Amino acid sequence: MGSYRKWLDPAAATFAALLVAGCGGGDSSGPAVSAETAQNQSMASAAQAPKGTATAATVSGRITYDFVPAVASKDRQGQWLAKLDYAKTLQKPARNVVVELINDKTSKVLLSTATDALGSYSFQAPLDTAVHVRAKAQMLRSAGKVAGPSWNFAVRDSSSDGYGVSVDGAALFAMDGASFNSGKKASIHDLNAASGWDAATASYANARSAGPFAILDTVYSASHKVLEADQNLSFPPLNVFWSPGSDDGTYFSGSGDKTLRGLHILGHEDVDTDEYDAGVIAHEWGHYFQASFSRDDSIGGSHSSANLLDMRLAFSEGWGNAFSSMARNDPMYVDTQGAAQANVGVVFKVDEIPDNVAKGWFGEVAIQSVLYRLHQSPDIGFLPIYQAMAAQKKSPAFTSLFSFATALRGNINAGGQATLDNLLAEINTVNKDKLDMFGLGQSALPPAVIAANKDFVLPVYTALEAGVKSKTGTVGKDATVCTTTAYGKSNKLGVYRYLRFSLPQTGKQTVRISADGGLSPSFQLYSKGQPIAGKLVKDPNLGDTYNVDYDLPAQDDYVATINASANSGCFKILLAQVKTGEMQ
């Protein structure tokens with residue numbers, strides 16, 4: 001061990017958010033030379049150098065971060081308690097993070113590599129050069145000629161000037177070690193990102209440098225869970241926005257302002273911090289997965305375990321919670337908040353279904369339990385779940401438990417099918433050979449819905465039969481659907497009703513909607529998840545009647561939604577083919 005020198009005390013590391021140029025995450029001082037290139041150059045030089053002459057010095061070490069576990073327990077009344085347990089802080093490896101060797105004189109990046117699963121890195125550094133080690137809160141693996149996965153996950157400062165200005169404008173968090181001379185012999189330089197917690201004051205008294213690396217390590221777990229199913233997957237770039245004090249919520253944004261797309265993570269001390277709430281972060285990463293490799297038709301909005309939800313939202317949130325536990329191999333979901341991060345936000349076991357929650361395709365708790373237990377089944381596991389989620393991308397039906405379970409059932413063995421059927425039956429959802437993506441076989445009403453509200457829930461999809469519109473009038477069969485706010489407004493069960501139809505031939509179609517008095521309908525048509533534009537126009541000759549026209553190709557399984565905003569009521573809907581020759 002005499003040839004090794006430990007130049008850097010981990011406590012000497014400094015933490016900052018760097019302004020980086022371009023999507024590659026390179027330092028603004030200039031392009032980095034990859035570790036592989038540098039080592040090849042070093043080997044070439046060694047071949048020309050006199051025997052026994054050193055041409056490079058090995059600089060190696062480990063990158064770690066302080067991990068504070070989020071723990072939960074029950075009080076004497078059986079109520080959940082939760083906190084970040086700073087007394088049990090441990091150092092974990094920062095896996096697959098970008099590590100750079102920086103020339104102190106020029107500030108240029110000399111070498112760049114990534115840590116392994118133990119947080120270890122190694123460089124063949126130029127001799128006798130003043131340098132320092134930089135660890136970035138970034139996982140970067142570019143697509144290359146050799147088959148393999150690629151990713152670019154970066155944790156950026158939501159309080160920096162570049163936030164919201166450009167896609168990668170927010171500063172990238174990084175940790176710099178102390179300066180040292182590379183010398184002529186091997187040396188070890190470890191860096192640890194500290195939590196910043198001061199037990200004496202029960203507060204964050206120092207820089208919270210571990211936060212970005214803790215977030216990134218959860219992203220590592222989530223992404224590598226998916227890689228179990230597809231080892232060559234190319235992940236779309238993902239920014240994670242966080243800062244000490246960030247308080248705009250923890251969520252995934254996959255649309256809207258491009259500069260703000262990504263994960264947004266809370267960081268407001270004594271209010272709500274999520275950097276160590278790994279279950280919360282993995283849940284949001286699950287939504288990123290849906291947006292990237294599956295499809296998510298969720299309408300969003302507030303929700304809780306007690307709610308009866310729009311089935312699209314219920315499946316999306318159930319998936320997020322289930323995937324979080326799959327990725328972490330832990331059925332506990334713990335969200336802390338409050339003073340000293342010592343209060344419970346949300347705590348539950350994802351594999352359980354409490355008696356007081358809705359057991360149906362509209363209950364996120366029921367869905368998350370089913371999904372997680374499917375994953376734990378020896379006859380199923382993650383691969384067919386991944387494949388069923390991928391199949392949602394082109395599903396004609398809205399994404400729901402019905403569409404997922406149908407895709408899954410067709411891709412698992414008899415033992416797996418029996419498990420699926422039993423789990424679906426447990427939550428009062430159609431199963432076995434009656435299962436299909438539209439829930440057409442769902443005739444039984446779950447106990448969570450009273451019989452008086454059946455017509456607001458079933459059938460899951462109402463079929464429209466095409467009539468004919470000509471100069472003499474419109475003929476056809478009306479379908480009647482009714483909406484309700486009995487279970488809440490906006491995104492709850494019965495607020496939106498689902499419709500479906502098929503067109504045997506291409507042509508112009510019109511949809512006529514006759515509403516109960518005073519109701520103003522909202523109607524949206526979709527094809528495989530993509531909305532089809534159409535303007536709903538009130539008929540001047542018929543009160544409370546609206547028309548919307550389309551020019552559609554022949555296709556099976558168009559789907560649509562209709563709702564009346566915050567109101568309850570019924571609509572008569574008629575789909576008719578327009579006989580253009582007769583309309584002149």
Side-chain angles (χ1 to χ4, degrees), residues 1-16 18 25 27 29 32-43 45-46 49 52-67 89-141 172-196 206-207 209-214 216-217 220:
M1 295 295 292
S3 62
Y4 284 82
R5 292 171 291 168
K6 196 160 188 175
W7 287 87
L8 178 63
D9 180 349
T14 58
F15 175 67
L18 301 174
D27 195 84
S29 56
V33 178
S34 72
E36 180 182 2
T37 300
Q39 290 176 8
N40 287 340
Q41 293 171 349
S42 177
M43 292 173 63
S45 299
T53 302
T55 59
T58 299
V59 172
S60 62
R62 292 186 73 224
I63 309 299
T64 57
Y65 71 95
D66 283 356
F67 174 76
T89 298
L90 66 154
Q91 291 185 2
K92 281 192 171 184
R95 300 174 291 180
N96 278 182
V97 302
V98 173
V99 184
E100 296 173 341
L101 190 66
I102 311 296
N103 186 309
D104 284 348
K105 183 176 181 179
T106 65
S107 296
K108 289 187 176 181
V109 180
L110 298 176
L111 297 164
S112 180
T113 189
T115 59
D116 62 17
L118 298 177
S120 300
Y121 74 91
S122 181
F123 294 120
Q124 293 302 305
L127 301 175
D128 293 318
T129 304
V131 293
H132 69 273
V133 174
R134 171 177 294 159
K136 290 183 173 182
Q138 181 181 30
M139 291 169 56
L140 178 62
R141 189 179 193 274
L172 179 70
F173 285 106
M175 173 174 57
D176 280 7
S179 177
F180 63 94
N181 190 288
S182 60
K184 294 182 174 63
K185 295 182 179 180
S187 58
I188 298 175
H189 304 271
D190 297 332
L191 277 73
N192 178 67
S195 72
N206 301 296
S209 55
F213 292 95
L216 195 62
D217 205 46
Y220 175 97

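The chain is numbered in sequence order, starting from 1. Being a predicted model, the structure only gives us computed values, none of them experimental.
Heavy atoms only, all atoms of each residue included: S182 and A125 are closest at CB-CB, 4.3 Å. Closest approach of L216 to Q138, counting heavy atoms only: CD2-N, 3.2 Å. Between K136 and F213 the shortest heavy-atom distance is O-CE2, 3.6 Å. Closest of all the heavy-atom pairs between K184 and A57 is C-CB, 4.0 Å. Between S112 and V98, the closest heavy-atom pair is OG-CG1, 3.9 Å. Closest approach of F180 to D104, counting heavy atoms only: N-OD2, 4.4 Å.
Ionic pairing of R134 and D176 is present here: one or more N-O contacts between side-chain nitrogen and carboxylate oxygen are shorter than 4.0 angstrom.
Side chain of T115 to main chain of N96: a donor-acceptor pair is present (N/O by atom type, distance under 3.5 Å, no hydrogens or angles). Using a distance-only test at 3.5 Å, with no hydrogens or angles considered, no donor-acceptor pair links the side chain of S122 to the main chain of S60. S195 places no side-chain N or O within 3.5 Å of a backbone atom of A210 that could act as its donor or acceptor partner.
Applying side chain to side chain contact (heavy atoms under 4.5 Å, CB included) to M175 and the options T14, V97, I63, N192 leaves one that passes, I63. Each of V99, L101, V131, V133 was checked for a side chain to side chain contact (heavy atoms under 4.5 Å, CB included) with L111, and the lone residue meeting it is L101.
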Please lay out, stage by stage, how L110 and F123 fare under the test side-chain contact (heavy atoms from CB on, under 4.5 Å). CA-CA 10 Å; L110 298 176; F123 294 120; over 6 Å; no

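Of the inter-residue distances, the one linking R62 atom CZ with H189 atom NE2 reads 16.0 Å to the nearest 0.5 angstrom. If you take NZ on K105 and OG1 on T129, they are separated by 10.0 Å, rounding to the nearest 0.5 Å. Separating the CD1 atom in I102 from the OG atom in S179 is a distance of 11.5 Å, to the nearest 0.5 Å.
Partners of Y220 under the ring-ring contact (aromatic ring centres under 6.0 Å, His included) rule, at least two apart in sequence or in another chain, are H224. Residues that satisfy the side chain to side chain contact (heavy atoms under 4.5 Å, CB included) test with D116, not counting sequence neighbours, are L118, S120. Scored by the ring-ring contact (aromatic ring centres under 6.0 Å, His included) test, Y65 finds no partners at all (sequence neighbours excluded).
Counting only heavy atoms from C-beta outward, the side chains of T55 and L127 never approach each other to under 4.5 Å. You'll find the side chain of T64 stays beyond 4.5 Å of the side chain of D190, heavy atoms only.
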